Amino acid sequence: MEQLDLDRDMQIKLGSKPVRYFENAMYRHWNPAEIDLSKDSDRILDMVDEYGEDSLERLKGGLRGFQIGEEAVTDDLAPLAMALPEIEDQMFITTQLYEEAKHTHHFDRYWREVIHEVEDELGMERTYPTDFEENIDEDNMESGMEYIESYEELFERNEAAVEACVEDPSPETIANALCHYHLVIEGVAAQSGYFSMHSLYGDNDAVPEMPHLPGLDEGFDNIRADEGRHVGFGMYKLKEYVSEGEVEPETIQATVMELVELVKDIVAPEDQQYDHLPGLDQEVVEEYATEKHMERMEQIVDASEDIPDVESLTNIEVAGD
């Protein structure tokens, strides 16, 4: 009976932000297996016919980052559910764990059913999401390896930060995990990736030469909606710790600043491998990542700032907006 909170008349605090996020997750449920991918293959083939195989390699590079990242965060999240003491927080984390697994499923399915179909049609040897080093252009080996090293370090730090919560479920340790997972990986790195992929392959005019890939775009729309809740929850908890004096805002700022340097290597690597293709200036992507970082920090540490609603957190402007 020691695990039960018998001081409450009812178990759940209805109307609390974690419960509202939990309810929003139920309302916005989606099934990755139901997304129609039938048009994407032909449009990618037309893109390759127009711009060559490098256009396919760039697409696969973007997908790799998301697919491996989603698998990593799915694997890393469970300890946080064990560490958070409130049932409302635990309820929300159960939805997040389920959603991270769905994201992993979506990208795995996309590679199997779209990328492999395109490669088969082109007579190419099949590739896989884990083929990071094999696909670095020789002329960009140094920047490519820096990308991989920064990517691995970011997720290794995230894993260590989350696992530490099991042994030490203090506000400082949990806040450190939230900075790594929710604020940086989901709130800055992933949001910047969505910005790039939506600008290139979404239903917009940011890069009109690139095809709209409706299956991929629908998946990103659903994932962004999920991760808007995830980011919102992390920001809510961090703001709560700061406002109650349990964590110093300077600690959060220092942690995030250090991690954002790794994110810059990931979202805007300094290479010219795809400069000949229609696309975004990498400085635009880096500026977007910096802007998101500054917005999140101000909303957490400034008592007068509110945590944005889910729709605001998931809104992704395209280049030129």
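Remember, it's a predicted structure, so these values are computed and weren't measured experimentally. No hydrogens, no waters, no symmetry mates; every other heavy atom, side chains included, goes into these values. We're numbering straight along the sequence, starting at 1.
- Looking only at distances, no side-chain donor or acceptor of Arg157 sits under 3.5 Å from a matching main-chain atom of Leu259.
- Taking both residues in full, the closest heavy atoms of Gln67 and Asp108 are given as NE2-CA, 3.2 Å, listed atom of the first, atom of the second, then distance.
- Electrostatic pairing of Lys237 and Glu240 counts as a salt bridge here, judged by a charged N lying under 4.0 Å from a carboxylate O.
- Side-chain N or O atoms of Tyr151 include one that pairs as donor or acceptor with a backbone N or O of Gly69 at under 3.5 Å.
- A single hydrophobic cluster is not seen to contain both Val166 and Ile93; linkage of ILVMFWY side chains at heavy-atom distances under 4.5 Å, directly or through other members, places them apart.
- Salt bridge annotation for Asp221-Arg224: present, with a cationic side-chain nitrogen under 4.0 angstrom from a carboxylate oxygen.
- Sparse packing is recorded around CD of Glu121, with 12 or fewer heavy atoms of other residues, nucleotides or ligands lying under 6.0 Å away.
- Side-chain atoms of Tyr51 and Glu209 include no donor-acceptor pair closer than 3.5 Å.
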Apply the test side chain to side chain donor-acceptor pair (under 3.5 Å) to residues Glu99 and His230: give CA-CA distance (whole Å), side-chain angles for both, the deciding distance (0.1 Å), then the verdict.
CA-CA 10 Å; Glu99 287 164 352; His230 306 171; 2.7 Å; yes
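- Looking at Lys39 and Asp42, no side-chain N of the basic residue comes within less than 4.0 Å of a carboxylate O on the acidic one, giving no salt bridge.
- With Thr173 contributing its side chain and Pro169 its backbone, the two residues share no donor-acceptor pair below 3.5 Å.
- Checked options Glu227, His182, Arg229; the residue passing with Gln96 is His182 (criterion: side-chain hydrogen bond (donor to acceptor under 3.5 Å, both in side chains)).
- Phe155 has its ring centre no less than 6.0 Å from the ring centre of His180.
- With values rounded to the nearest 0.5 angstrom, Glu153 atom CD is found 7.5 Å from Glu156 atom CD.
- The shortest side-chain heavy-atom distance between Ile35 and Tyr110 does not fall under the 4.5 Å cut-off.
- Each of Phe22, Tyr236, Phe233 was evaluated against Phe92; a single residue qualifies, Phe233, per the ring pair (Phe, Tyr, Trp, His ring centres under 6.0 Å) test.
- Evaluated for a side-chain hydrogen bond (donor to acceptor under 3.5 Å, both in side chains) with Thr127, the options Glu57, His116, Glu119 yield exactly one hit, Glu119.
- Remark: Phe107 pairs with Phe66, Phe220 by the ring pair (Phe, Tyr, Trp, His ring centres under 6.0 Å) rule, at least two apart or across chains.
- The main-chain N or O of Trp30 is found under 3.5 Å from a side-chain atom of Lys102 such that the two form a donor-acceptor pair.
- Within a 6.0 Å radius of CD in Glu125, other residues, nucleotides and ligands contribute 12 heavy atoms or fewer.
- Put simply, the side chain of Asn222 never gets that close to the backbone of Pro32: no donor and acceptor are under 3.5 Å apart.
- Arg28 places no side-chain N or O within donor-acceptor distance of the main-chain N or O of Asp226, the cut-off being under 3.5 Å.
- Judged purely by atom type and a 3.5 angstrom limit, Asp40 uses its side chain to pair as donor or acceptor with the backbone of Gly215.
- Counting only distance, with no hydrogens or angles, the side chain of Asn158 and the backbone of Val73 share no donor-acceptor pair below 3.5 Å.
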